[in-house]
Amino acid sequence: MTVIEAFCRFMGWMLVLGGAMLFLASQIGCSAVESINTNASQIHTLAESSEQRFEAIAEISAVEEIDKQTKHGIIEQRSIQDSVASIRKALPRVEDKEPSWMALIQRVALAGILIASIFLIWQTGIGTLLRKLLYSISAFIPSKSMREAEMDMKIADDNNSMTIREAIASKRASSDAYNSAYKKIKSRK
(Lines give C-alpha, C1' and ligand atoms only; values in the text may rest on other atoms or scores of the structure.)
Protein backbone atom coordinates (compact mmCIF):
# COMPACT_ATOMS: atom_id res chain seq x y z
CA MET A 1 0.00 0.00 0.00
CA THR A 2 1.43 3.37 -0.98
CA VAL A 3 1.51 6.45 1.20
CA ILE A 4 -1.19 8.10 -0.92
CA GLU A 5 -3.52 5.12 -0.56
CA ALA A 6 -2.94 5.06 3.20
CA PHE A 7 -3.62 8.79 3.41
CA CYS A 8 -6.80 8.43 1.34
CA ARG A 9 -8.04 5.63 3.58
CA PHE A 10 -7.23 7.67 6.67
CA MET A 11 -9.10 10.70 5.28
CA GLY A 12 -12.06 8.51 4.35
CA TRP A 13 -12.34 7.14 7.86
CA MET A 14 -11.94 10.63 9.33
CA LEU A 15 -14.80 11.88 7.15
CA VAL A 16 -17.02 9.01 8.23
CA LEU A 17 -16.23 9.46 11.93
CA GLY A 18 -16.51 13.26 11.78
CA GLY A 19 -19.84 13.10 10.01
CA ALA A 20 -21.17 10.58 12.49
CA MET A 21 -20.11 12.77 15.42
CA LEU A 22 -21.73 15.88 13.90
CA PHE A 23 -24.95 14.00 13.24
CA LEU A 24 -24.99 12.62 16.77
CA ALA A 25 -24.26 16.03 18.30
CA SER A 26 -27.11 17.63 16.38
CA GLN A 27 -29.54 14.94 17.51
CA ILE A 28 -28.52 15.10 21.19
CA GLY A 29 -28.50 18.91 21.40
CA CYS A 30 -30.67 20.83 23.88
CA SER A 31 -34.30 21.21 22.98
CA ALA A 32 -35.78 24.69 23.52
CA VAL A 33 -39.19 23.15 24.28
CA GLU A 34 -37.71 20.93 26.99
CA SER A 35 -35.80 23.89 28.42
CA ILE A 36 -38.97 26.01 28.57
CA ASN A 37 -40.86 23.18 30.26
CA THR A 38 -38.09 22.61 32.83
CA ASN A 39 -37.82 26.33 33.64
CA ALA A 40 -41.61 26.65 33.92
CA SER A 41 -41.64 23.75 36.41
CA GLN A 42 -38.93 25.41 38.49
CA ILE A 43 -40.76 28.76 38.46
CA HIS A 44 -44.01 27.07 39.52
CA THR A 45 -42.27 25.23 42.36
CA LEU A 46 -40.59 28.44 43.59
CA ALA A 47 -43.86 30.39 43.36
CA GLU A 48 -45.67 27.76 45.46
CA SER A 49 -42.87 27.81 48.03
CA SER A 50 -42.94 31.63 48.22
CA GLU A 51 -46.73 31.62 48.55
CA GLN A 52 -46.46 29.22 51.51
CA ARG A 53 -43.85 31.47 53.14
CA PHE A 54 -46.05 34.55 52.70
CA GLU A 55 -48.96 32.63 54.28
CA ALA A 56 -46.75 31.54 57.21
CA ILE A 57 -45.55 35.12 57.75
CA ALA A 58 -49.13 36.44 57.63
CA GLU A 59 -50.22 33.92 60.28
CA ILE A 60 -47.54 34.87 62.82
CA SER A 61 -47.46 38.62 62.16
CA ALA A 62 -49.56 41.19 64.03
CA VAL A 63 -48.23 44.21 62.14
CA GLU A 64 -50.73 45.69 59.67
CA GLU A 65 -48.13 46.64 57.01
CA ILE A 66 -46.64 43.12 57.03
CA ASP A 67 -50.13 41.61 56.64
CA LYS A 68 -50.83 43.96 53.71
CA GLN A 69 -47.52 43.07 52.00
CA THR A 70 -47.98 39.32 52.53
CA LYS A 71 -51.46 39.47 50.93
CA HIS A 72 -49.94 41.23 47.89
CA GLY A 73 -47.12 38.65 47.85
CA ILE A 74 -49.60 35.77 47.91
CA ILE A 75 -51.59 37.37 45.04
CA GLU A 76 -48.39 37.87 43.01
CA GLN A 77 -47.28 34.27 43.57
CA ARG A 78 -50.68 32.97 42.45
CA SER A 79 -50.45 35.22 39.38
CA ILE A 80 -47.02 33.74 38.62
CA GLN A 81 -48.47 30.24 38.96
CA ASP A 82 -51.30 31.15 36.56
CA SER A 83 -48.77 32.52 34.07
CA VAL A 84 -46.77 29.28 34.29
CA ALA A 85 -49.98 27.30 33.68
CA SER A 86 -50.71 29.37 30.54
CA ILE A 87 -47.11 28.82 29.34
CA ARG A 88 -47.53 25.07 29.78
CA LYS A 89 -50.86 25.22 27.94
CA ALA A 90 -49.20 26.98 24.97
CA LEU A 91 -46.10 24.76 25.04
CA PRO A 92 -47.46 21.99 22.75
CA ARG A 93 -47.74 24.55 19.92
CA VAL A 94 -44.04 25.48 20.25
CA GLU A 95 -41.59 23.73 17.91
CA ASP A 96 -37.83 23.48 18.11
CA LYS A 97 -36.11 25.25 15.23
CA GLU A 98 -32.78 24.01 13.97
CA PRO A 99 -30.22 26.75 13.27
CA SER A 100 -29.42 27.21 9.58
CA TRP A 101 -25.71 26.62 10.14
CA MET A 102 -26.49 23.26 11.77
CA ALA A 103 -28.58 22.23 8.75
CA LEU A 104 -25.69 23.21 6.47
CA ILE A 105 -23.19 21.23 8.55
CA GLN A 106 -25.49 18.20 8.50
CA ARG A 107 -25.79 18.37 4.70
CA VAL A 108 -22.03 18.75 4.25
CA ALA A 109 -21.44 15.87 6.67
CA LEU A 110 -23.95 13.71 4.83
CA ALA A 111 -22.28 14.48 1.50
CA GLY A 112 -18.89 13.67 3.03
CA ILE A 113 -20.19 10.40 4.43
CA LEU A 114 -21.62 9.42 1.04
CA ILE A 115 -18.38 10.27 -0.77
CA ALA A 116 -16.30 8.44 1.84
CA SER A 117 -18.62 5.42 1.63
CA ILE A 118 -18.33 5.26 -2.15
CA PHE A 119 -14.56 5.64 -1.88
CA LEU A 120 -14.34 2.84 0.69
CA ILE A 121 -16.57 0.57 -1.41
CA TRP A 122 -14.24 0.95 -4.37
CA GLN A 123 -11.09 0.58 -2.25
CA THR A 124 -12.26 -2.64 -0.61
CA GLY A 125 -13.07 -4.31 -3.93
CA ILE A 126 -16.80 -4.41 -3.41
CA GLY A 127 -17.13 -1.82 -6.19
CA THR A 128 -15.38 -4.12 -8.65
CA LEU A 129 -17.75 -6.91 -7.70
CA LEU A 130 -20.75 -4.63 -8.17
CA ARG A 131 -19.43 -3.50 -11.57
CA LYS A 132 -19.01 -7.13 -12.67
CA LEU A 133 -22.54 -7.90 -11.54
CA LEU A 134 -23.90 -4.93 -13.50
CA TYR A 135 -21.90 -5.92 -16.59
CA SER A 136 -23.42 -9.40 -16.39
CA ILE A 137 -26.67 -7.67 -17.33
CA SER A 138 -26.14 -6.66 -20.95
CA ALA A 139 -28.10 -3.40 -20.55
CA PHE A 140 -25.29 -1.93 -18.41
CA ILE A 141 -22.42 -2.73 -20.79
CA PRO A 142 -21.17 0.49 -22.45
CA SER A 143 -21.97 0.70 -26.17
CA LYS A 144 -18.30 1.41 -27.02
CA SER A 145 -17.27 -1.87 -25.40
CA MET A 146 -20.02 -3.70 -27.28
CA ARG A 147 -18.78 -2.27 -30.63
CA GLU A 148 -15.19 -3.26 -29.86
CA ALA A 149 -16.25 -6.79 -28.91
CA GLU A 150 -18.25 -7.08 -32.17
CA MET A 151 -15.22 -5.94 -34.21
CA ASP A 152 -12.95 -8.41 -32.44
CA MET A 153 -15.46 -11.21 -33.11
CA LYS A 154 -15.53 -10.26 -36.80
CA ILE A 155 -11.73 -10.32 -36.96
CA ALA A 156 -11.65 -13.77 -35.35
CA ASP A 157 -14.31 -15.08 -37.79
CA ASP A 158 -12.72 -16.53 -40.96
CA ASN A 159 -15.92 -15.95 -42.94
CA ASN A 160 -15.87 -12.18 -42.28
CA SER A 161 -13.74 -9.87 -44.39
CA MET A 162 -12.85 -7.38 -41.63
CA THR A 163 -9.12 -7.06 -41.13
CA ILE A 164 -7.11 -6.09 -38.09
CA ARG A 165 -6.24 -2.78 -39.77
CA GLU A 166 -9.92 -1.91 -40.12
CA ALA A 167 -10.52 -2.71 -36.45
CA ILE A 168 -7.58 -0.53 -35.39
CA ALA A 169 -8.81 2.33 -37.58
CA SER A 170 -12.27 2.05 -36.05
CA LYS A 171 -10.86 2.11 -32.50
CA ARG A 172 -8.68 5.12 -33.35
CA ALA A 173 -11.67 6.98 -34.78
CA SER A 174 -13.93 6.25 -31.81
CA SER A 175 -11.48 7.01 -28.98
CA ASP A 176 -9.15 10.00 -28.74
CA ALA A 177 -7.27 8.37 -25.87
CA TYR A 178 -6.68 5.21 -27.89
CA ASN A 179 -5.59 7.27 -30.90
CA SER A 180 -3.08 9.27 -28.79
CA ALA A 181 -1.70 6.10 -27.22
CA TYR A 182 -1.43 4.45 -30.66
CA LYS A 183 0.51 7.44 -32.07
CA LYS A 184 2.83 7.55 -29.04
CA ILE A 185 3.63 3.84 -29.24
CA LYS A 186 4.09 4.02 -33.01
CA SER A 187 6.53 6.96 -32.69
CA ARG A 188 8.71 4.97 -30.27
CA LYS A 189 9.40 2.28 -32.88
Side-chain angles (χ1 to χ4, degrees), residues 1-137 139-140 142:
M1 177 177 355
T2 65
V3 174
I4 294 173
E5 288 175 344
F7 179 73
C8 288
R9 286 184 183 192
F10 173 75
M11 291 305 294
W13 282 110
M14 293 312 296
L15 278 171
V16 169
L17 292 174
M21 287 190 302
L22 282 173
F23 180 75
L24 191 62
S26 69
Q27 298 304 315
I28 295 175
C30 263
S31 167
V33 175
E34 289 176 22
S35 178
I36 292 170
N37 189 34
T38 303
N39 290 338
S41 295
Q42 289 175 349
I43 291 170
H44 189 269
T45 303
L46 292 173
E48 283 179 338
S49 173
S50 294
E51 180 185 359
Q52 291 171 356
R53 286 192 182 113
F54 281 124
E55 289 173 351
I57 292 170
E59 288 177 10
I60 60 171
S61 173
V63 180
E64 184 178 320
E65 182 62 28
I66 293 176
D67 288 341
K68 182 180 170 187
Q69 292 297 325
T70 55
K71 285 180 185 177
H72 287 296
I74 291 170
I75 292 169
E76 286 176 355
Q77 295 307 312
R78 288 182 181 161
S79 176
I80 291 170
Q81 291 172 20
D82 291 341
S83 295
V84 168
S86 66
I87 289 171
R88 284 191 172 155
K89 187 185 261 186
L91 198 57
R93 295 188 307 266
V94 176
E95 292 181 12
D96 285 327
K97 185 173 181 186
E98 186 175 78
S100 59
W101 60 268
M102 183 61 83
L104 177 66
I105 288 175
Q106 286 177 338
R107 289 182 183 138
V108 168
L110 183 62
I113 289 169
L114 288 174
I115 291 169
S117 299
I118 291 169
F119 180 77
L120 289 173
I121 285 172
W122 285 110
Q123 286 297 316
T124 58
I126 296 171
T128 306
L129 176 65
L130 290 174
R131 185 173 46 185
K132 286 180 181 180
L133 287 173
L134 288 175
Y135 285 166
S136 68
I137 304 170
F140 291 106

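What's counted below: heavy atoms across the whole structure, side chains too, no hydrogens, waters or symmetry copies. Starting from 1, each residue takes its place in the sequence as its number.
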- Could you tell me which non-hydrogen atom of Tyr135 sits nearest to which non-hydrogen atom of Pro142, and how far apart they are? CE2-CD, 3.9 Å

- Item | Separation between OG of Ser61 and NZ of Lys68, rounded to the nearest 0.5 Å | 13.5 Å

- Query: What is the distance from atom CD1 of Ile57 to atom CD of Gln52, rounded to the nearest 0.5 Å?
  - Reply: 12.0 Å

- Checking Ser79 side chain against Ile75 main chain: does a donor-acceptor pair fall under 3.5 Å? no

- Item | Backbone of Ser83 reached by a side-chain donor or acceptor of Ser86 within 3.5 Å | yes

- Message: Counting only heavy atoms from other residues, nucleotides and ligands, does the tally under 6.0 Å from CZ of Arg53 exceed 12?
- Response: no

Donor-acceptor contacts, no H, no angles, side chain residues 127-134, under 3.5 Å, sequence neighbours left out:
none

- Item | Separation of Ile36 CD1 from Leu91 CG (nearest 0.5 Å) | 6.0 Å

- Note on the structure: Between Ala40 and Ile87 the two heavy atoms that sit nearest each other are CB-CG2, 4.5 Å

- Message: Minimum heavy-atom separation for Ala58 and Asp67, please, with both atom names.
- Response: O-OD1, 3.6 Å

- Task: Supply the atom-to-atom distance Glu48 CD to Leu46 CG, rounded to the nearest 0.5 angstrom.
- Result: 10.0 Å

- Would you indicate whether Glu34, at its atom CD, is surrounded by more than 12 heavy atoms from other residues, nucleotides or ligands within a distance under 6.0 Å? no

- Are any side-chain N or O atoms of Ser49 and backbone N or O atoms of Thr45, one a donor and one an acceptor, separated by less than 3.5 Å? no

- Item | Chi angles and distances behind the side-chain contact (heavy atoms from CB on, under 4.5 Å) call for Glu95, Val33 | CA-CA 7 Å; Glu95 292 181 12; Val33 175; 5.9 Å; no

- Query: How long is the span from the CG atom in Leu110 to the CD1 atom in Ile115, to the nearest 0.5 Å?
  - Reply: 10.0 Å

- Task: Look up atom CD in Gln77 and atom NE2 in His44, then write down how far apart they are to the nearest 0.5 Å.
- Result: 10.5 Å

- Looking only at side chains, do Glu65 and Gln69 share a donor and an acceptor under 3.5 Å apart? yes

